[in-house]
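Let me begin by presenting the structure, written as structure tokens, before commenting on it.
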Amino acid sequence: MSRPAGLAGDPVEFAAMTEISIIAHLADTAFARRLPDGLTTAQFAVLNHLLRLEAEQTIGELPRALQVSQPTMSSTVRRLEEKGLISLVPDSDDRRIRRVSVNRSGAAVRNKAVQALDASKKDLAVLSQEEWKQLLPLLNRLRIALDAAR
């Protein structure tokens, strides 16, 4: 039996954020089962983040962007490097700093992971393509606001 995310009387914003949190957990778990080549969701997040921004970032910048600790990010980056999915590029201004760059293999693995979502499309058919298109701008506005407020 499905129940609303919040309790009666909860502010609608709280109920919506609870719903988003539950959806995020369920989506992450389902996605993790479909990731290729032993890739973890954390490793996928780094690849996807850098490719989405079309950027290189330092190991110091990535933890803030992905909301994890510095040691956790260092471990994730090390594993991505061991798998040959990223390159560590010396910073042109400060040779002590290395920037994380997704290489062709990393981009291919990220794309393979996204293609694996096709297997779960039937689970997502509860919304039509048009409804997904309507939902996306609202979620985008919310993400931008939450990102700016952290």
May I ask you to test the [X]-[Y] pair for a side-chain heavy-atom distance under 4.5 Å?
X     : Y      : result
Leu26 : Phe31  : no
Thr58 : Val100 : no
Leu50 : Gln57  : yes
Thr29 : Thr41  : no
Leu85 : Val46  : no

If you round to the nearest 0.5 Å, how far is [atom2] of [Y] from [atom1] of [X]?
X      : Y      : atom1 : atom2 : value
Asp147 : Gln67  : CG    : CD    : 7.5 Å
His49  : Leu51  : NE2   : CG    : 10.5 Å
Arg78  : Gln43  : CZ    : CD    : 10.5 Å
Arg99  : Leu62  : CZ    : CG    : 10.0 Å
Ile86  : Ser101 : CD1   : OG    : 8.5 Å
Asp91  : Glu56  : CG    : CD    : 9.0 Å

Nearest heavy-atom neighbours spanning [X] and [Y]:
X      : Y      : answer
Ala113 : Leu35  : CB-CD2, 3.6 Å
Asn103 : Ser87  : ND2-OG, 3.9 Å
Arg95  : Pro90  : NH1-CB, 3.3 Å
Pro36  : Val109 : CG-O, 3.9 Å
Pro63  : Gly60  : CD-O, 3.4 Å
Ala107 : Val102 : N-CG1, 3.5 Å

Give the cluster check for [X] versus [Y]: same hydrophobic cluster or not, with ILVMFWY residues linked at side-chain heavy-atom distances below 4.5 Å.
X      : Y      : result
Leu136 : Leu146 : no
Leu47  : Val114 : yes
Ile20  : Leu138 : no

Verify, without hydrogens or angle tests, whether [X] (side chain) and [Y] (backbone) share a donor-acceptor contact under 3.5 angstrom.
X     : Y     : answer
Ser74 : Gln70 : yes
Lys83 : Gly38 : yes
Asp10 : Leu7  : yes
Ser75 : Pro71 : no
Thr72 : Val68 : no

Look at atom [atom1] of [X] and say whether more than 12 heavy atoms of other residues, nucleotides or ligands are closer to it than 6.0 Å.
X      : atom1 : value
Arg141 : CZ    : no
Glu130 : CD    : yes
Gln129 : CD    : no

**Prompt:** Does the pair Glu131 and Leu135 meet the rule for a side chain to side chain contact (heavy atoms under 4.5 Å, CB included), with working shown?
**Reply:** CA-CA 6 Å; Glu131 288 171 318; Leu135 181 60; over 6 Å; no

